Protein chains: 2
Amino acid sequence: MSKKPRFDRQQVIEKATNLYWGKGYHATSMRHLQDAIDMRPGSIYAEFGSKDGVFKAAIEYYVQVSLDQLEQLRAQSDSPLNTLQRFVRLVVIESRQNAPSSMCLLAKTVAELTEEQGELFEQAKAALKRVEDAFAKLMTEAQQHNEISKQKDPQQLARLLQIQITGLRVYAKTCDDIEILEAMIEDVFAHSQSGLNGVQ
Amino acid sequence: MSKKPRFDRQQVIEKATNLYWGKGYHATSMRHLQDAIDMRPGSIYAEFGSKDGVFKAAIEYYVQVSLDQLEQLRAQSDSPLNTLQRFVRLVVIESRQNAPSSMCLLAKTVAELTEEQGELFEQAKAALKRVEDAFAKLMTEAQQHNEISKQKDPQQLARLLQIQITGLRVYAKTCDDIEILEAMIEDVFAHSQSGLNGVQ
DNA sequence: ACTTTAATTGAACGATCGTTCAATATATAT
DNA sequence: ATATATATTGAACGATCGTTCAATTAAAGT
């Protein structure tokens, strides 16, 4: 004896995520959200509680998609290292065409927010950490496959990869020349390779 | 037969820069600016024209300070490569203590803004390019000092350095553990070294 | 001392912000 | 069909946004 919501929660969150991803936290207003997800204020507040509530759902959705993508790439290749390489290509190159921003939503959020939005900031940090942990897991697997030196700390290698990706994706926002961008990825990975492989 | 302004333009711009640097473009309101620089709306608009005008002045001031710092470090050492290393330490480590944000204001701005704020976005991009060019100049000098391989493209090396710094400074915002951060810089530079030195 | 000119003030503007809520609509249970 | 419960609507709230401008203040020229 009730009434079910008419909106598709998953689709709504996806649209909200894309909007926040493109415009950033502060530049995205409730009015923008209302238009993007085609819901009126009352419904949004009933479902998410606040503008920040929608943002939290967006962050959670984004990190889940990212981890799923990584897992999917892993299933397509025997090589953990190659999986990471293809992930980098995916987020730095292909993301430029389809995604709302060349940047990672999580890194963008960490860059934009301060302690004033403490809860959201911490959530974005934690989400980045989850991605880093997924990287570290693949690094460990790469060690078991003898793709990288076993003397390296997988977590440290994961951190290094995060830094490379973040730097690349910010740079991608300033760089229209796709050739330069390709060369940057190649260079960054050449460096990572020498770092990853240790003394050889 | 006139009246000179009572405020110190340089000091005002410095305070405005620090505010924008810490809070970002969208989160900084005119009210915040009024309080930070101790000027009333009329005076601000007479001097800078708009909120964006203040931001433009901030960007210009920031890039000028950065280039000055680089030049100053260069004067303290014979080694161009060592100059770059000390610059990285300066902006990644020491900046954490004093600066309004661990991040570079220019990178932060490029990360936050979109085509909606086209003029400011382009200015921040151009400012980043000026820093990159300064890096490239030092890379060329480093080649002349036989500190790095002459086969490398200085501009490409400069781009690579920018990416490393950007990645590091974003990561610095998520990382409270200073030891991890130190290790990251060491690692990043170890990679850069191998890249910079070419075949040895 | 008086005039001139520009710098400064602060109230106020319309627009938009995030949010609330009484009114309405509608799916489900009886 | 009717009652019940809840999803949805959209006007409206007070706060704050960037900005304007008539009034005031004060330094410089005569």
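Each chain gets a letter, A, B and so on, in the order its sequence line appears, and its residues count up from 1. Remember, it's a predicted structure, so these values are computed and weren't measured experimentally.
Comparing A/Pro41 and B/Met30 by the nucleotide of DNA chain D whose heavy atom lies nearest to each, the residue mapping closer to the 5' end is A/Pro41.
The interatomic distance linking B/Asp52 (CG) with D/dG18 (C1') rounds to 10 Å, in whole Å. Between the P atom of D/dT8 and the CG atom of A/Asp38 lies a distance of 11 Å, rounded to the nearest Å. As a whole-Å value, the separation of A/Tyr45 OH from D/dC13 P is 17 Å. For the pair A/Phe48 CZ and C/dT19 C1', the computed distance is 16 Å after rounding to whole Å. Rounded to whole angstrom, the span from the CG atom of A/Asp35 across to the P atom of D/dG10 amounts to 13 Å. Here the P atom of nucleotide D/dG18 and the CG atom of B/Leu33 are 8 Å apart, to the nearest Å. Atom pair B/Ile44:CD1 and D/dT19:C1' shows a separation of 11 Å (rounding to whole Å applied). To the nearest angstrom, P of C/dT19 lies 14 Å from CZ of A/Phe55.
Under the 4.0 Å criterion applied to side-chain N and carboxylate O atoms, A/Glu122 and A/Lys125 are assigned as salt-bridge partners.
Classification of the B/Phe55-B/Tyr25 ring pair by plane angle, with boundaries at 30° and 60°, yields perpendicular.
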After noting the C-alpha distance and the side-chain angles of A/Gln155 and A/Glu132, does the key distance pass the side-chain hydrogen bond (donor to acceptor under 3.5 Å, both in side chains) rule? CA-CA 8 Å; A/Gln155 202 71 39; A/Glu132 183 185 302; 3.1 Å; yes
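In this structure, the ring of A/Phe87 has its center less than 6.0 angstrom from the ring center of A/Phe135.
Candidate nucleotides D/dG18, C/dG18, D/dT8 were compared by shortest atom distance to the side chain of A/Arg31, and C/dG18 ranks first. Of the listed nucleotides (C/dT19, C/dT9, D/dT19), C/dT19 has the atom at the smallest distance from the side chain of A/Ser50. Of all nucleotides listed (D/dC17, C/dT9, D/dT19), C/dT9 comes nearest to the side chain of B/Ser43.
Among the heavy atoms of the strands lying under 4.0 Å from A/Ser29 are primed sugar atoms or P, OP1, OP2 only; no base atom is included.
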